[in-house]
Amino acid sequence: MYPKITVDMKKLKDNILRINHLCHDSGVNTMLVTKLISGYLPIVQALDGMGFEYLADSRIENLKKLQSLTTPKLLLRIPMISQADQVVRWAHASLNSEIATLRALDRSARNQNRIHGVILMVDLGDLREGYFEEEQLWHAVQEVRWMKNLDLLGIGTNLSCFGAIRPTVENLSRLAEIGRKLQNQGVDRPIISGGSTNAIYLVEQAKLPTGINNLRMGEGFFLGTEPSFAGTISGTHPNVFTLRAEIVEIKDKPSLPIGEVGFAAFRTKPVFEDRGIRTRAIVAVGKQDIEPTALTPKDPSIEILGASSDHMILDITQRTSKYEVGDIVDFDMGYAAILKAFTGNFVAKELIPSNEK
Ligand SMILES: *Cc1c(COP(=O)(O)O)cnc(C)c1O
């Protein structure tokens with residue numbers, strides 16, 4: 001069935017072993033962030049037990065899919081008050097930054113006779129979520145410690161997300177320092193969560209400030225890449241995920257569209273270059289399934305011209321192998337393409353098992 005994503009479980013497990021080893025050697029625990037694969041149970045199940053402190057996702061619906069797994073779950077996106085009951089039911093802990101929400105979580109936890117773990121977020125300058133004023137953070141710390149059904153687990157930060165601010169020795173030292181104060185106030189071995197895959201370069205360079213003892217990572221494990229320097233993580237494999245799509249049309253056509261110019265799909269005004277008559281192939285996949293700009297054909301002689309909701313147009317004029325209608329074309333996938341494919345229902349998934357038990 002096409003379109004289909006194949007997942008190379010051997011490469012994926014290698015990546016996890018490599019990164020977890022690197023982190024554990026530096027005294028850093030990891031959370032497996034599953035939002036990229038929308039909490040897809042067959043994959044997460046295969047990875048559970050590889051040494052993650054938490055399974056983490058930004059959506060409660062994804063954590064719910066993982067309920068059969070015993071590893072604790074954490075909600076990454078700041079909870080909605082309207083979802084407090086579900087947050088407490090499906091997540092053992094969450095990242096937080098608002099007292100009103102904490103009160104709602106405490107109330108839900110009391111009603112469900114549970115204890116909910118809380119990590120308070122500190123904004124170190126990226127200007128997405130978290131306490132910007134330290135005084136307000138300490139106020140929240142006091143409040144949480146008063147709430148009977150909440151357990152203050154620690155603090156965390158988020159960088160390189162909105163403001164593209166890198167985690168550095170300087171800003172993460174500030175987080176570590178706040179963590180030490182928290183410990184002095186009697187919070188037992190707090191989690192000090194220094195960010196996402198964006199901080200892995202500091203671990204690789206043995207520069208992560210002492211005290212940072214947790215990272216929440218998806219991209220690094222699944223793609224082997226890191227966003228702070230748009231680099232790769234040494235010893236990891238790229239291309240765990242491959243998109244396979246079927247050719248439904250091949251024709252020679254001019255490179256300039258003919259007729260009166262209006263708008264294309266998604267109200268875009270594409271610009272075309274006259275390259276004469278070209279051989280084009282259409283594959284049955286589109287923007288409803290993937291992000292075309294985050295795909296790279298494995299055959300370097302193929303060029304992606306663009307896509308509408310359901311059709312992706314390829315230029316195969318320079319092809320070095322033969323293509324016919326019904327043939328399958330393979331693509332390497334970037335983050336945005338994988339995210340869309342797992343979020344929707346139209347792309348089949350096939351796990352290629354790793355042979356080691
Ligand atoms: C997505 C997310 C992460 C993980 O980011 P990666 O770049 O995939 O490692 C960590 N923390 C929060 C709050 C997130 O939303």
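Just follow the structure's listing: the first ligand is 1, and inside any ligand the first atom is 1.
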>> Leu223 and side chain to side chain contact (heavy atoms under 4.5 Å, CB included): which single residue from Leu36, Thr232, Val240, Asn15 fits?
In response: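 In the set Leu36, Thr232, Val240, Asn15, the residue that makes a side chain to side chain contact (heavy atoms under 4.5 Å, CB included) with Leu223 is Leu36.
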
>> Here's a test for you: under side chain to side chain contact (heavy atoms under 4.5 Å, CB included), which of Val329, Ile247, Asp299, Thr279 qualifies with Ile316?
In response: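 Of the listed options, the one satisfying the test is Thr279.
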
> Val33 heavy atoms, cut-off 4.0 Å: which ligand 1 atoms fall inside?
Replying inline: 4 (C)

> Met217 heavy atoms, cut-off 4.0 Å: which ligand 1 atoms fall inside?
Replying inline: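 Here the atoms of ligand 1 in question are 9 (O).
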
> Are any non-hydrogen side-chain atoms of Phe346 and Gln288 less than 4.5 angstrom apart?
Replying inline: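 Yes, at least one pair of side-chain atoms sits under 4.5 Å.
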
> Would a 4.5 Å heavy-atom cut-off, applied to side chains only, mark Leu182 and Trp138 as touching?
Replying inline: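 Yes; the side chains approach each other to less than 4.5 Å.
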
When you measure from [atom] to every protein heavy atom, which one gives the shortest distance, and what is it?
atom: atom 11 (N) of ligand 1; answer: Arg216 NE, 3.0 Å
atom: atom 9 (O) of ligand 1; answer: Thr197 OG1, 2.5 Å
atom: atom 12 (C) of ligand 1; answer: Asn158 OD1, 3.6 Å
atom: atom 5 (O) of ligand 1; answer: Ser196 CB, 3.3 Å
atom: atom 2 (C) of ligand 1; answer: Lys35 NZ, 2.5 Å
atom: atom 8 (O) of ligand 1; answer: Glu219 N, 2.8 Å

> Contact between Arg128 and ligand 1, counting heavy atoms under 4.0 Å?
Replying inline: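 It does; at least one heavy atom falls under 4.0 Å.
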
> Do Leu32 and Ile43 share a hydrophobic cluster, counting only Ile, Leu, Val, Met, Phe, Trp and Tyr and linking them when any side-chain heavy atoms are less than 4.5 Å apart?
Replying inline: yes

>> If you apply the rule side chain to side chain donor-acceptor pair (under 3.5 Å), what do you find for Ser108 with Arg114, and how did you get there?
In response: CA-CA 8 Å; Ser108 294; Arg114 289 171 199 250; over 6 Å; no

> Under the salt bridge (Lys or Arg N to Asp or Glu O under 4.0 Å) criterion, do Glu303 and Arg275 qualify, and how do the steps go?
Replying inline: CA-CA 13 Å; Glu303 192 188 334; Arg275 299 159 79 191; 3.2 Å; yes

> Purely on distance, is any nitrogen or oxygen of Gly218 under 3.5 Å from one on ligand 1?
Replying inline: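 N/O-N/O distance below 3.5 Å exists for this pair.
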
